[in-house]
K.L.:
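Here it is: the structure, laid out below.
Note that these values count all heavy atoms, side chains included, but never hydrogens, waters or copies made by symmetry.
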Amino acid sequence: GNELLVKVLQEAKERQEGFVEGDNNITKKMSWIFYMPIEGTPWTLINTFVKADMELFTHSLQRDLIKAVIKIIKTQN
């Protein structure tokens with residue numbers, strides 16, 4: 001079994017919200033799993049992100065923010 005998913009499912013069953021990081025036997029990669037109950041329903045939303053993909057997205061976002069700041073500085077001069 002996958003201890004990571006067992007933890008998520010147990011906490012989701014108890015209507016908790018949270019985040020776990022670990023090796024995911026479904027993605028076969030280090031993953032981040034976020035979960036939270038959907039208010040007014042018996043459901044829980046669970047999202048899985050491959051950590052390496054998110055790190056690439058973060059680096060790309062940082063570059064985009066730097067470019068935006070440089071453009072703002074250029075237009076003010």
K.L.:
Just say parallel, tilted or perpendicular for the rings of F19 and W32, cut-offs at 30° and 60°.
P.N.:
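Judged by the thresholds at 30° and 60°, the geometry between F19 and W32 is perpendicular.
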
K.L.:
What salt bridge (charged side-chain N to carboxylate O under 4.0 Å, His left out) pairs are there with at least one residue in residues 15-36, not counting sequence neighbours?
P.N.:
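Salt bridge (charged side-chain N to carboxylate O under 4.0 Å, His left out) check on residues 15-36 returns E21-K51.
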
K.L.:
Sequence neighbours excluded and cut-off under 3.5 Å, please list the side-chain donor-acceptor pairs for residues 4-14, or say none.
P.N.:
from: Q10; atom 1: NE2; to: E14; atom 2: OE2; distance (Å): 2.6
from: E11; atom 1: OE1; to: Y35; atom 2: OH; distance (Å): 2.2
from: E14; atom 1: OE1; to: Q16; atom 2: NE2; distance (Å): 2.7

K.L.:
Sequence neighbours left out, what passes side chain to side chain donor-acceptor pair (under 3.5 Å) with T48? Give chain and number order.
P.N.:
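Residues passing side chain to side chain donor-acceptor pair (under 3.5 Å) with T48: none at all.
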
K.L.:
How is the hydrophobic cluster of M30 composed, in terms of its other members, when Ile, Leu, Val, Met, Phe, Trp and Tyr link through side-chain heavy atoms under 4.5 Å apart, directly or indirectly?
P.N.:
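M30 shares its hydrophobic cluster with no other residue.
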
K.L.:
Does M36 share a hydrophobic cluster with I38, counting links as ILVMFWY side-chain heavy atoms below 4.5 Å and allowing steps through other members?
P.N.:
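Result: no, two separate clusters.
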
K.L.:
Evaluate the criterion side-chain contact (heavy atoms from CB on, under 4.5 Å) for residue pair N47 and I33; output intermediate values, then yes/no.
P.N.:
CA-CA 6 Å; N47 283 313; I33 301 175; over 6 Å; no

